[in-house]
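Lettering of chains follows the sequences in order, A, B, ..., and the numbering in each one begins at 1.
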Protein chains: 2
Amino acid sequence: MQEKQPRPTSFDVARRAGVSQSAVSLVFGGKAEGRVGKRTQEAILQAARELGYHPNRAARTLRSGRSRIVALVVPDVSNPYFAAVLQGAEEAARTSGYSVLLAQLHEEQDWQHVVLDALTSRAVDGFLFCTLQPPSESIAQVLQGKAIIVDETYQGLPSLQLDVETGMQAAMEHLIHLGHRRIAHLGAAVDATSFHQRHHAYQAALHQAGLSFPADYLARAAFTSADASRAAHQLLTCPEPPSAIVCDSDVLAVGVYKAARALHRSIPRDLSVVSFDDSIIASMLDPELTTVAIPARTIGAQALALLLQALEEGTAPASLTIPLTLMIRASTAQPAG
Amino acid sequence: MQEKQPRPTSFDVARRAGVSQSAVSLVFGGKAEGRVGKRTQEAILQAARELGYHPNRAARTLRSGRSRIVALVVPDVSNPYFAAVLQGAEEAARTSGYSVLLAQLHEEQDWQHVVLDALTSRAVDGFLFCTLQPPSESIAQVLQGKAIIVDETYQGLPSLQLDVETGMQAAMEHLIHLGHRRIAHLGAAVDATSFHQRHHAYQAALHQAGLSFPADYLARAAFTSADASRAAHQLLTCPEPPSAIVCDSDVLAVGVYKAARALHRSIPRDLSVVSFDDSIIASMLDPELTTVAIPARTIGAQALALLLQALEEGTAPASLTIPLTLMIRASTAQPAG
DNA sequence: CTGAAAGCGCTTACAG
DNA sequence: CTGAAAGCGCTTACAG
């Protein structure tokens, strides 16, 4: 290990252990059981340890066609939600001997070719996609058996779904039980199924409770607290302002807090706030935020498990749905008066 | 592209373009200038396009010994700071044709062997290390020319330094100018150079201003707002409580906000707060947080640039120091009375 | 249970 | 400027 360039190969290990190179390969490939004798295996491991041998990944990949690397495709890792998904995925990958490569797609429309490159150059075995525009049909074809879509569905690619409807329903029931009748929705200005689902479930809940939905009870904001603040201000200054606001994400709730403070409305006395995520932000806000928890780390881990299932067993895994739980904290209360 | 298994190789491209396989390799390896005629190059690119050819990464890596993958080693990506470093690193890597693999080290003491594995198996070309215990001497040896340390120094490995001292000095001068005389330090209970530097600079600034430093003006907290809240409570309830608190990180500042609220101290009227990071948290807090910005994304990008310099040019890059800037917001004001 | 051999798809001297 | 050939270090049938 200290000399220059020992960089031992399986041949070196074989020579030292007095066995064939194939035996070494079998042992390190985990295919030794019933093929290589116990003693031989031990001799091989011993020799490998002495030499500091590790199989060359590139050679293995070239020969087997599998890199044991998967790519996580997200728009932006600095978003705490995606960072947590990545964290879960990395942990799950590691326990299975895989590694996770990050692929951020910022604004790129042409992400499809990035994916194709990675695949045809055999750099990665598979993909985890998080909230992106769905792939074109021809790409979806190529991705069969090599990709899991998180929180979207497309073209029969297996996916990890979030039970957003039930989550929103729980949030709305909570508010309605508290006595709220004027409930507005601050949505994310993102064209993704998950956000459409939130709005549909919101409307369904209103309808079921026999509540009305004035046109000015819907606002949309980009994924920043600044824009959310602007949108919330609009909601709070309409003729008959809501007593509660449901937000699509914790980041948006931050904007609501800011707008409320600027307008001298106290949370939760004058205004109740519920959102989605339960990111680090939720317990940092004051009062702490009532929010529908999206267990991002678990999602990353589960999605990765599905992907490995597809990759290793070749079985198209059934899509999985993750339930969401409402975390009731201090930002919701009975409406004043 | 639509048939099963076309998966063209450089031989297929060569055949189609009517040239030798080596010419194809030269073109895709970026070594064609002066070695392959312009026309030939175009013919090759054309043929490759038609076949949907991409060089096989594994073969390239096996032959050349370089994977064009680097690993980012961090304790925890769900921390917004590390997520931002990763973001910057990934962006910089991509523009140079590299990819970033994530290696989280949670609590593992034995990270050294993880690193060695990755290196001897030739899975990655190099490493970016973020705030970890320094490597043992023998490992540092192996890492020569293949690693950049962020915000630490060790064993002559090149590093990206943050000018923490100057940052802290700016924070302290700001408070002192405002008229504060009783300034406490809420530090991170993490044994890393960066945090030691913060405390030293804090003391130096007090000393320079002729201010005293009572023993109960130092508290340490784990990296959670809950623990920081506990520590801040302690600071705020000591016999002669401080009028300002300097925190090692935004996350800790959140704890101070919580403790202050619980004790009915208003920020900034009764208490000024300054911290380090300028993460998303800073502008989410109310009032917005005065903080020494640590440009994590830039740091990731710069560290990656240094690493590539070491990897590609073989020159040990000089260590680089990043200046830090104080962002003055609404959490600091003149002390009351 | 063990070994000899082919070959994955490139890069890179080397010869022309 | 171009081509033939060796070889990177494995995995995997295949023969014993």
Backbone N or O of B:V36 within a donor-acceptor pair of the B:T40 side chain at under 3.5 Å?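 Not at all, since once roles are kept as given, no pair shorter than 3.5 Å links the two residues.
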Determine, step by step, whether A:V124 and A:L101 satisfy the side chain to side chain contact (heavy atoms under 4.5 Å, CB included) criterion, reporting the C-alpha distance in whole Å, the side-chain angles of both residues, the deciding distance to 0.1 Å, and the verdict. CA-CA 8 Å; A:V124 305; A:L101 209 64; 3.8 Å; yes
Applying a 3.5 angstrom cut-off to the pairing atoms, does DNA chain C sit in any stems of at least three consecutive Watson-Crick or G-U pairs? List them by first number.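 Stem list for DNA chain C: C:1-3 with D:14-16, C:5-12 with D:5-12, C:14-16 with D:1-3.
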Base contacts versus sugar-phosphate-only contacts with protein, heavy atoms under 4.0 Å: please encode nucleotides 7-16 of chain C as B, S and - from 5' to 3'. BBBBBB----
What pairs meet the ring pair (Phe, Tyr, Trp, His ring centres under 6.0 Å) rule with one or both residues in residues 36-75 of chain A, with sequence neighbours excluded?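 Only A:F28-A:Y53 qualify under ring pair (Phe, Tyr, Trp, His ring centres under 6.0 Å).
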Output, in order, the C-alpha distance, side-chain angles, deciding distance and verdict of side-chain hydrogen bond (donor to acceptor under 3.5 Å, both in side chains) for B:D163 and B:T321. CA-CA 6 Å; B:D163 194 354; B:T321 298; over 6 Å; no
Could you state the NZ-C1' distance from B:K38 to D:dT2, rounded to the nearest angstrom?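 Checked: the NZ to C1' distance equals 16 Å.
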Consider only side-chain N and O atoms of [X] and [Y], and report whether a donor and an acceptor are under 3.5 Å apart.
X     : Y      : answer
B:S67 : B:D125 : yes
A:Q46 : A:E50  : yes
B:Q87 : A:D76  : yes

Determine: side-chain N/O of B:T40 to OP1/OP2 of D:dC1, distance under 4.0 Å, yes or no.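 No, because none of the side-chain N or O atoms of B:T40 sits under 4.0 Å from OP1 or OP2 of D:dC1.
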For B:E90, is there an ion pair with B:R94 - N to carboxylate O distance below 4.0 angstrom?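 A salt bridge is present here (some side-chain N lies under 4.0 Å from a carboxylate O).
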